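Okay, so here's the structure we're looking at.
Nothing fancy with the numbering, it's 1 onward along the sequence. Just so you know, these numbers use all the heavy atoms, side chains as well, and skip hydrogens, waters and symmetry mates. Counting starts at 1 for both ligands and their atoms, in listed order. What you are looking at is a predicted structure, and each value in this text was computed from that prediction instead of being measured.
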Amino acid sequence: MGVHVPKLSLSLILISIFLPPSTPDQKDESCLTHLFESFQDPIGNLHNWTKLAFSNPCSDFNSNLVGATCNNGRIYKLSLQNLSLRGSISPYISNCTNLQSLDLSNNSLTGPLPDELHYLVNLAVLNLSSNRLSGAIPPSLPMCFYLNVIDLHDNVLTGTIPPQIGSLVRLSVFDVSNNKLSGPIPASLGNRTGNLPRFNVSSYYGNKDLYGYPLPPMKSKGLSVVAIVGIGLGSGLLSLALSFTVVCVWLRATEQKTAAEQEGKIVLPDY
Ligand SMILES: *[C@@H]1O[C@H](CO)[C@@H](O)[C@H](O)[C@H]1NC(C)=O
Ligand SMILES: *[C@@H]1O[C@H](CO)[C@@H](O)[C@H](O)[C@H]1NC(C)=O
Ligand SMILES: *[C@@H]1O[C@H](CO)[C@@H](O)[C@H](O)[C@H]1NC(C)=O
Ligand SMILES: *[C@@H]1O[C@H](CO)[C@@H](O)[C@H](O)[C@H]1NC(C)=O
Ligand SMILES: *[C@@H]1O[C@H](CO)[C@@H](O)[C@H](O)[C@H]1NC(C)=O
Ligand SMILES: *[C@@H]1O[C@H](CO)[C@@H](O)[C@H](O)[C@H]1NC(C)=O
Ligand SMILES: CC(=O)N[C@H]1CO[C@H](CO)[C@@H](O)[C@@H]1O
């Protein structure tokens, strides 16, 4: 046992040499300060996101801030799902340069996906699903080379899907279902080649004006066969009904006329 103690203290010394005591990081401070300003937190879920804590978010080995995780004295993960957050995503998020995972899913965030996301060169997981984010998917997003999850489903994103997304070699989850995206699914993404994971229709459905493989062909804008048959049958039945009515009316009129005539005959005074 006695042999192990020096080893332990040696490794502790080594750790403290190679992991410098976390010095306050100004980039993370700027990132968190601006992010907190751009969020609205009606329920107070971010109760301990305070100015004081921002100045040294990774003071302990781990972060004290709800949803934040540290690694080597820097924020590397933000998991703020299900927190009823409103407001928008500050472009200063880009100052959290060590961020590997950003999950803001299932809130009520509005506004665009900041173009500045592409400065997060270590980003591997981006989950912004189930919000009310609008605007386009930034064409610069694929500059985050390590992305392996892009989950943007259930927002109100518009515009087209940047073709470069298809060339992200690590991408294994891609979901933009239930948005307002339009235009073609880039062939580089819809029909990925080689060993790259492919994404099926469930990644794309619920975007009215999005088209191309693997979505089924769009319904033609003209009248479908069913509609034409329906209209034909309908008008046929209608004219049949009309002529029937006309015949009935005519028969009735004739009947009444005949009755009247007969009545007349009967009522006619017999001189
Ligand atoms: C912030 O809240 C989290 C979870 O509620 C807790 O683990 C952490 O210790 C809190 N930090 C501070 C500084 O109060
Ligand atoms: C968010 O809510 C879902 C469904 O209620 C739950 O499964 C998940 O664990 C929650 N996530 C967090 C971080 O609370
Ligand atoms: C979203 O969060 C709400 C609570 O805010 C929870 O009830 C719901 O199950 C969550 N949905 C998902 C898909 O996590
Ligand atoms: C993204 O977040 C939602 C809601 O919190 C969750 O249901 C979904 O599984 C997440 N996506 C991935 C790829 O983990
Ligand atoms: C997808 O790629 C295969 C072979 O790489 C090709 O035969 C097929 O026509 C392509 N489909 C589309 C819709 O581009
Ligand atoms: C689409 O792929 C997902 C996994 O990526 C799978 O869970 C789902 O069942 C697939 N859907 C269809 C229709 O193949
Ligand atoms: C230090 C640093 O990286 N600052 C940047 C923080 O984010 C804003 C908005 O993207 C940039 O303008 C700063 O240069």
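- Within a 4.0 Å radius of atom 1 (C) of ligand 3, the protein contributes one or more non-hydrogen atoms.
- No side-chain heavy atom of W49 sits less than 4.5 Å from a side-chain heavy atom of D41.
- If you number the atoms of ligand 7 from 1 as listed, the ones under 4.0 Å from a heavy atom of E116 come out as 10 (O).
- Protein non-hydrogen atoms do reach within 4.0 Å of atom 4 (N) of ligand 7.
- Ligand 7 places these atoms under 4.0 Å from at least one heavy atom of P91: 10 (O).
- Among protein heavy atoms, the minimum distance from atom 14 (O) of ligand 3 is reached at N106 ND2, 3.2 Å.
- Remark: the N207 side chain and the N179 side chain contain no N/O donor-acceptor pair separated by less than 3.5 Å.
- Residue N82 approaches ligand 2 through these ligand atoms, each under 4.0 Å from one of its heavy atoms: 1 (C), 2 (O), 3 (C), 8 (C), 10 (C), 11 (N), 12 (C), 14 (O).
- Of the candidates C31, S90, S94, C96, S94 brings a heavy atom nearest to atom 10 (O) of ligand 7.
- No donor-acceptor distance shorter than 3.5 angstrom exists from the side chain of S105 to the backbone of N127, with no hydrogens or angles considered.
- Remark: atom 7 (O) of ligand 2 lies closer than 4.0 Å to no protein heavy atom.
- When every heavy atom of S38 is checked against every heavy atom of S88, the shortest pair comes out as OG-O, 2.8 Å.
- The two residues P186 and I161 come nearest to each other via the heavy atoms CG-O, 3.3 Å.
- Comparing heavy-atom distances from atom 2 (C) of ligand 7 across D28, N95, T97 singles out N95 as nearest.
- Counting heavy atoms from C-beta on, the side chains of Y76 and C70 never come closer than 4.5 Å.
- No side-chain heavy atom of N64 sits under 4.5 Å from any side-chain heavy atom of N48.
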